[in-house]
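What you see is a predicted model, and the numbers here were worked out from it, not measured in a lab. To find a chain, count down the sequence lines: A is the first, B the second, and so on, and within it residues start at 1.
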Number of protein chains: 2
Amino acid sequence: MIGMDVEDEPTIDELYPARRLLDQIADKWTPIVLFCLASGTSRFGVMHRKIPGLSKKMLTQVLRRLERDGLVHRTVFRVVPPKTEYVLTDLGRRLHEPVAQLCRWAEDNVDVLDAIEQSRAEAESSEAG
Amino acid sequence: MIGMDVEDEPTIDELYPARRLLDQIADKWTPIVLFCLASGTSRFGVMHRKIPGLSKKMLTQVLRRLERDGLVHRTVFRVVPPKTEYVLTDLGRRLHEPVAQLCRWAEDNVDVLDAIEQSRAEAESSEAG
DNA sequence: CGGCATCCATAGCGATACTG
DNA sequence: CAGTATCGCTATGGATGCCG
(Lines give C-alpha, C1' and ligand atoms only; values in the text may rest on other atoms or scores of the structure.)
Protein backbone atom coordinates (compact mmCIF):
# COMPACT_ATOMS: atom_id res chain seq x y z
CA MET A 1 0.00 0.00 0.00
CA ILE A 2 2.44 2.60 -1.18
CA GLY A 3 1.35 6.13 -0.38
CA MET A 4 -0.98 4.83 2.28
CA ASP A 5 -0.62 6.66 5.54
CA VAL A 6 -2.67 6.49 8.69
CA GLU A 7 -2.08 10.23 9.01
CA ASP A 8 -4.04 10.86 5.84
CA GLU A 9 -6.94 12.89 7.09
CA PRO A 10 -9.92 13.98 5.07
CA THR A 11 -9.60 17.54 3.90
CA ILE A 12 -12.22 20.17 4.46
CA ASP A 13 -12.50 21.51 0.95
CA GLU A 14 -14.83 24.03 -0.62
CA LEU A 15 -17.49 21.37 -1.14
CA TYR A 16 -17.68 20.61 2.55
CA PRO A 17 -21.20 21.58 3.72
CA ALA A 18 -19.98 23.88 6.45
CA ARG A 19 -17.84 25.81 3.98
CA ARG A 20 -20.71 26.12 1.55
CA LEU A 21 -22.90 27.44 4.33
CA LEU A 22 -20.22 29.87 5.42
CA ASP A 23 -19.75 31.14 1.89
CA GLN A 24 -23.43 31.96 2.04
CA ILE A 25 -23.83 33.64 5.41
CA ALA A 26 -20.39 34.34 6.87
CA ASP A 27 -20.32 38.10 6.74
CA LYS A 28 -21.05 41.00 9.00
CA TRP A 29 -24.61 41.70 7.88
CA THR A 30 -26.31 38.80 6.13
CA PRO A 31 -27.23 36.87 9.27
CA ILE A 32 -28.57 40.02 10.91
CA VAL A 33 -30.74 40.85 7.92
CA LEU A 34 -31.98 37.28 7.82
CA PHE A 35 -32.77 37.53 11.49
CA CYS A 36 -34.70 40.77 10.95
CA LEU A 37 -36.77 39.28 8.19
CA ALA A 38 -37.57 36.19 10.19
CA SER A 39 -40.19 38.04 12.21
CA GLY A 40 -42.11 38.77 9.03
CA THR A 41 -42.33 41.06 6.05
CA SER A 42 -40.31 44.21 6.36
CA ARG A 43 -39.39 47.30 4.42
CA PHE A 44 -36.08 48.78 3.37
CA GLY A 45 -36.26 51.81 5.63
CA VAL A 46 -37.44 49.81 8.61
CA MET A 47 -34.51 47.43 8.37
CA HIS A 48 -32.13 50.29 7.76
CA ARG A 49 -33.21 52.00 10.96
CA LYS A 50 -33.28 48.74 12.85
CA ILE A 51 -29.64 47.93 12.15
CA PRO A 52 -27.41 50.85 13.13
CA GLY A 53 -24.11 50.87 11.29
CA LEU A 54 -25.50 49.20 8.21
CA SER A 55 -25.35 51.62 5.28
CA LYS A 56 -27.98 51.79 2.59
CA LYS A 57 -25.45 50.58 0.12
CA MET A 58 -24.61 47.46 2.08
CA LEU A 59 -28.24 46.74 2.89
CA THR A 60 -29.08 46.95 -0.78
CA GLN A 61 -26.18 44.69 -1.63
CA VAL A 62 -27.12 42.09 0.95
CA LEU A 63 -30.78 42.12 -0.07
CA ARG A 64 -29.90 41.81 -3.76
CA ARG A 65 -27.76 38.83 -3.08
CA LEU A 66 -30.41 37.19 -0.94
CA GLU A 67 -32.92 37.82 -3.69
CA ARG A 68 -30.63 36.42 -6.37
CA ASP A 69 -30.06 33.28 -4.28
CA GLY A 70 -33.79 32.72 -3.86
CA LEU A 71 -33.87 33.46 -0.15
CA VAL A 72 -35.84 36.69 -0.18
CA HIS A 73 -38.73 37.91 -2.27
CA ARG A 74 -39.00 41.57 -3.15
CA THR A 75 -42.27 43.32 -3.88
CA VAL A 76 -42.26 46.84 -5.25
CA PHE A 77 -45.41 48.94 -4.86
CA ARG A 78 -45.59 51.69 -7.43
CA VAL A 79 -46.99 54.34 -5.14
CA VAL A 80 -45.83 57.70 -3.87
CA PRO A 81 -43.84 57.61 -1.76
CA PRO A 82 -42.36 54.36 -3.06
CA LYS A 83 -42.75 51.25 -0.99
CA THR A 84 -40.87 47.99 -1.18
CA GLU A 85 -41.48 44.93 0.91
CA TYR A 86 -39.09 42.11 1.60
CA VAL A 87 -40.10 38.69 2.80
CA LEU A 88 -38.25 35.41 3.27
CA THR A 89 -39.01 32.65 0.80
CA ASP A 90 -39.41 29.05 1.98
CA LEU A 91 -35.75 28.56 1.20
CA GLY A 92 -34.91 31.68 3.16
CA ARG A 93 -36.77 30.39 6.16
CA ARG A 94 -34.77 27.17 5.95
CA LEU A 95 -31.51 29.11 5.89
CA HIS A 96 -32.71 31.15 8.81
CA GLU A 97 -32.69 28.09 11.05
CA PRO A 98 -28.93 27.97 11.67
CA VAL A 99 -28.84 31.74 11.96
CA ALA A 100 -31.48 31.60 14.67
CA GLN A 101 -29.46 28.92 16.45
CA LEU A 102 -26.49 31.23 16.35
CA CYS A 103 -28.44 34.18 17.74
CA ARG A 104 -29.93 32.07 20.48
CA TRP A 105 -26.55 30.77 21.49
CA ALA A 106 -25.17 34.30 21.59
CA GLU A 107 -27.96 35.49 23.87
CA ASP A 108 -27.51 32.52 26.18
CA ASN A 109 -23.74 32.88 26.35
CA VAL A 110 -23.01 36.55 26.73
CA ASP A 111 -20.51 35.58 29.40
CA VAL A 112 -18.38 33.88 26.77
CA LEU A 113 -18.49 36.97 24.57
CA ASP A 114 -17.52 39.11 27.55
CA ALA A 115 -14.62 36.83 28.39
CA ILE A 116 -13.35 36.97 24.82
CA GLU A 117 -13.47 40.74 24.80
CA GLN A 118 -11.60 40.86 28.06
CA SER A 119 -8.91 38.51 26.76
CA ARG A 120 -8.48 40.72 23.73
CA ALA A 121 -8.33 43.87 25.81
CA GLU A 122 -5.64 42.36 28.03
CA ALA A 123 -3.60 41.15 25.09
CA GLU A 124 -3.76 44.55 23.47
CA SER A 125 -2.87 46.49 26.58
CA SER A 126 0.14 44.29 27.33
CA GLU A 127 1.28 44.66 23.76
CA ALA A 128 0.84 48.43 23.82
CA GLY A 129 2.29 48.87 27.30
CA MET B 1 -46.38 60.62 25.34
CA ILE B 2 -44.87 62.72 22.60
CA GLY B 3 -42.48 60.84 20.36
CA MET B 4 -44.01 57.55 21.39
CA ASP B 5 -44.79 55.34 18.47
CA VAL B 6 -45.98 51.77 18.29
CA GLU B 7 -43.67 51.37 15.31
CA ASP B 8 -40.63 52.02 17.47
CA GLU B 9 -38.81 48.75 17.30
CA PRO B 10 -35.72 47.83 19.25
CA THR B 11 -32.59 48.25 17.19
CA ILE B 12 -30.04 45.54 16.70
CA ASP B 13 -26.92 47.48 17.52
CA GLU B 14 -23.32 46.44 17.88
CA LEU B 15 -23.87 45.36 21.46
CA TYR B 16 -26.51 42.85 20.47
CA PRO B 17 -25.18 39.39 21.37
CA ALA B 18 -25.61 38.01 17.88
CA ARG B 19 -23.59 40.86 16.42
CA ARG B 20 -20.85 40.40 18.96
CA LEU B 21 -20.70 36.71 18.12
CA LEU B 22 -20.64 37.46 14.41
CA ASP B 23 -17.83 39.97 14.85
CA GLN B 24 -15.91 37.10 16.38
CA ILE B 25 -16.54 34.25 13.96
CA ALA B 26 -18.21 35.60 10.83
CA ASP B 27 -15.47 35.12 8.31
CA LYS B 28 -14.43 32.57 5.76
CA TRP B 29 -11.90 30.67 7.85
CA THR B 30 -12.29 31.12 11.60
CA PRO B 31 -15.16 28.67 12.03
CA ILE B 32 -13.36 26.06 9.94
CA VAL B 33 -10.19 26.39 11.99
CA LEU B 34 -12.21 26.19 15.19
CA PHE B 35 -13.89 23.09 13.84
CA CYS B 36 -10.53 21.53 13.00
CA LEU B 37 -9.19 22.15 16.47
CA ALA B 38 -12.29 20.76 18.13
CA SER B 39 -11.15 17.21 17.50
CA GLY B 40 -8.04 17.85 19.57
CA THR B 41 -4.56 19.30 19.51
CA SER B 42 -3.25 20.00 16.05
CA ARG B 43 -0.25 21.44 14.29
CA PHE B 44 0.19 24.27 11.80
CA GLY B 45 1.09 22.09 8.85
CA VAL B 46 -1.64 19.57 9.57
CA MET B 47 -4.30 22.26 9.56
CA HIS B 48 -2.80 23.88 6.51
CA ARG B 49 -3.03 20.65 4.56
CA LYS B 50 -6.46 19.89 5.94
CA ILE B 51 -8.01 23.11 4.68
CA PRO B 52 -7.34 23.52 0.96
CA GLY B 53 -7.47 27.13 -0.16
CA LEU B 54 -6.35 28.52 3.17
CA SER B 55 -2.98 30.20 2.75
CA LYS B 56 -0.27 30.07 5.39
CA LYS B 57 -0.65 33.79 5.83
CA MET B 58 -4.35 33.60 6.56
CA LEU B 59 -3.96 30.56 8.80
CA THR B 60 -1.34 32.41 10.81
CA GLN B 61 -3.57 35.45 11.03
CA VAL B 62 -6.60 33.48 12.16
CA LEU B 63 -4.60 31.53 14.74
CA ARG B 64 -2.97 34.69 16.09
CA ARG B 65 -6.32 36.30 16.54
CA LEU B 66 -7.77 33.24 18.23
CA GLU B 67 -4.75 33.18 20.52
CA ARG B 68 -5.07 36.87 21.33
CA ASP B 69 -8.75 36.42 22.18
CA GLY B 70 -7.99 33.57 24.55
CA LEU B 71 -9.60 30.88 22.42
CA VAL B 72 -6.52 28.93 21.42
CA HIS B 73 -3.34 28.05 23.24
CA ARG B 74 -0.08 27.81 21.33
CA THR B 75 2.83 25.68 22.39
CA VAL B 76 6.15 26.02 20.61
CA PHE B 77 8.63 23.14 20.89
CA ARG B 78 12.18 24.29 20.26
CA VAL B 79 13.29 21.28 18.29
CA VAL B 80 14.49 20.65 14.76
CA PRO B 81 12.45 20.61 12.74
CA PRO B 82 10.30 23.10 14.61
CA LYS B 83 7.02 21.96 16.05
CA THR B 84 4.08 24.02 17.22
CA GLU B 85 0.89 22.71 18.72
CA TYR B 86 -2.43 24.45 18.89
CA VAL B 87 -5.21 23.51 21.26
CA LEU B 88 -8.53 25.09 22.17
CA THR B 89 -8.79 26.69 25.58
CA ASP B 90 -11.89 26.21 27.71
CA LEU B 91 -13.18 29.45 26.25
CA GLY B 92 -12.41 28.20 22.77
CA ARG B 93 -14.38 25.05 23.40
CA ARG B 94 -17.31 27.17 24.49
CA LEU B 95 -17.14 29.22 21.31
CA HIS B 96 -16.92 26.05 19.32
CA GLU B 97 -20.44 25.06 20.37
CA PRO B 98 -22.30 27.36 17.99
CA VAL B 99 -19.79 26.59 15.25
CA ALA B 100 -20.47 22.90 15.66
CA GLN B 101 -24.20 23.59 15.49
CA LEU B 102 -23.62 25.40 12.22
CA CYS B 103 -21.57 22.57 10.76
CA ARG B 104 -24.11 20.00 11.83
CA TRP B 105 -26.93 21.97 10.27
CA ALA B 106 -24.99 22.28 7.04
CA GLU B 107 -24.42 18.55 6.84
CA ASP B 108 -28.06 17.82 7.55
CA ASN B 109 -29.33 20.33 5.02
CA VAL B 110 -27.19 19.97 1.95
CA ASP B 111 -30.41 20.12 -0.06
CA VAL B 112 -30.89 23.72 1.03
CA LEU B 113 -27.34 24.61 -0.01
CA ASP B 114 -27.92 22.90 -3.35
CA ALA B 115 -31.15 24.81 -3.89
CA ILE B 116 -29.45 28.11 -3.13
CA GLU B 117 -26.68 27.37 -5.59
CA GLN B 118 -29.21 26.49 -8.23
CA SER B 119 -31.16 29.70 -7.64
CA ARG B 120 -27.97 31.69 -8.02
CA ALA B 121 -26.99 29.82 -11.17
CA GLU B 122 -30.38 30.50 -12.73
CA ALA B 123 -30.30 34.16 -11.79
CA GLU B 124 -26.84 34.55 -13.26
CA SER B 125 -27.61 32.75 -16.49
CA SER B 126 -30.79 34.74 -17.10
CA GLU B 127 -28.87 37.92 -16.41
CA ALA B 128 -26.09 36.92 -18.78
CA GLY B 129 -28.35 35.29 -21.37
C1' DC C 1 -38.92 56.28 0.25
C1' DG C 2 -35.95 53.26 -1.93
C1' DG C 3 -32.73 53.03 -4.22
C1' DC C 4 -28.27 53.69 -7.76
C1' DA C 5 -23.72 55.97 -9.20
C1' DT C 6 -19.47 57.70 -7.87
C1' DC C 7 -15.48 58.47 -5.22
C1' DC C 8 -12.18 56.93 -2.13
C1' DA C 9 -9.85 54.68 1.70
C1' DT C 10 -8.76 50.65 3.73
C1' DA C 11 -8.81 45.62 4.66
C1' DG C 12 -8.61 41.14 2.81
C1' DC C 13 -6.08 37.91 0.67
C1' DG C 14 -3.07 35.27 -2.55
C1' DA C 15 1.71 34.82 -4.43
C1' DT C 16 6.23 34.73 -3.66
C1' DA C 17 10.43 34.81 -1.37
C1' DC C 18 13.08 34.44 2.70
C1' DT C 19 14.43 32.75 7.69
C1' DG C 20 15.61 30.06 12.00
C1' DC D 1 8.33 22.92 9.87
C1' DA D 2 6.49 27.13 11.06
C1' DG D 3 6.44 30.91 10.28
C1' DT D 4 7.75 36.41 8.63
C1' DA D 5 8.07 40.07 4.98
C1' DT D 6 6.74 42.30 1.01
C1' DC D 7 4.06 43.16 -3.05
C1' DG D 8 -0.01 44.07 -5.40
C1' DC D 9 -4.55 43.27 -6.64
C1' DT D 10 -9.32 43.16 -5.44
C1' DA D 11 -13.17 43.35 -2.52
C1' DT D 12 -15.31 45.77 1.15
C1' DG D 13 -17.58 49.39 2.68
C1' DG D 14 -18.45 54.30 4.17
C1' DA D 15 -19.74 59.08 2.37
C1' DT D 16 -21.99 61.73 -0.63
C1' DG D 17 -25.08 63.11 -4.06
C1' DC D 18 -28.68 62.25 -7.48
C1' DC D 19 -33.09 60.35 -9.08
C1' DG D 20 -37.97 58.55 -9.87
Which residues share a side chain to side chain contact (heavy atoms under 4.5 Å, CB included) with A:S119, sequence neighbours left out: B:L91
Under-4.0 Å side-chain N/O to phosphate OP1/OP2 contact, B:R43 with D:dA2: yes
Selection residues 74-85 of chain A - residue pairs positive for side chain to side chain donor-acceptor pair (under 3.5 Å), sequence neighbours left out: A:R74-A:Y86
5' priority, DNA chain C, between A:P81 and A:R64 [closest heavy atom]: A:P81
Difference in axis direction between the ends of the helix from C:dC1-D:dG20 to C:dG20-D:dC1, five pairs, 10°: 40°
For A:R93, all residues meeting side-chain hydrogen bond (donor to acceptor under 3.5 Å, both in side chains), sequence neighbours excluded: A:D90
Salt bridge (Lys or Arg N to Asp or Glu O under 4.0 Å): pairs with one or both residues in residues 24-47 of chain B, sequence neighbours excluded: A:D23-B:K28
Touch class at under 4.0 angstrom, heavy-atom based, for B:P82 against every strand present: base
Scan the side chains in residues 98-107 of chain A for donor-acceptor partners under 3.5 Å anywhere in the protein, sequence neighbours excluded, and list what turns up.
from: A:W105; atom 1: NE1; to: B:E97; atom 2: OE1; distance (Å): 2.9
from: A:E107; atom 1: OE2; to: B:Y16; atom 2: OH; distance (Å): 3.3

Pair B:E124 + A:R68: basic N to acidic O under 4.0 Å: yes
side-chain hydrogen bond (donor to acceptor under 3.5 Å, both in side chains) against B:N109, all qualifying residues, sequence neighbours excluded: A:R94
Sugar-phosphate, base or nothing in reach of B:F77, heavy atoms under 4.0 Å: nothing
A:R78 side-chain N/O to D:dG20 phosphate OP1/OP2 under 4.0 Å: no
Non-hydrogen side-chain atoms of A:R64 and A:Q61 separated by less than 4.5 Å: no
Chain B contact limits on DNA chain C, taken 5' to 3' with a cut-off of 4.0 angstrom to heavy atoms: C:dC13 to C:dG20
All side-chain hydrogen bond (donor to acceptor under 3.5 Å, both in side chains) counterparts of A:Q118, not counting sequence neighbours: A:E122
By side chain to side chain contact (heavy atoms under 4.5 Å, CB included) - contacts of A:P52 (at least two apart): B:T11, B:D13, B:R19
Sugar-phosphate only, base, or nothing, as touched by A:R74 at under 4.0 Å among non-hydrogen atoms: sugar-phosphate
Partners meeting side-chain hydrogen bond (donor to acceptor under 3.5 Å, both in side chains) with A:S42 (sequence neighbours left out): none
Polar atom pairs between nucleotides 13-16 of chain D and protein, under 3.5 Å, N or O only, would you list them?
from: D:dG13; atom 1: N7; to: A:K57; atom 2: NZ; distance (Å): 3.0
from: D:dG14; atom 1: OP2; to: A:S55; atom 2: OG; distance (Å): 2.9
from: D:dG14; atom 1: O6; to: A:K57; atom 2: NZ; distance (Å): 2.3

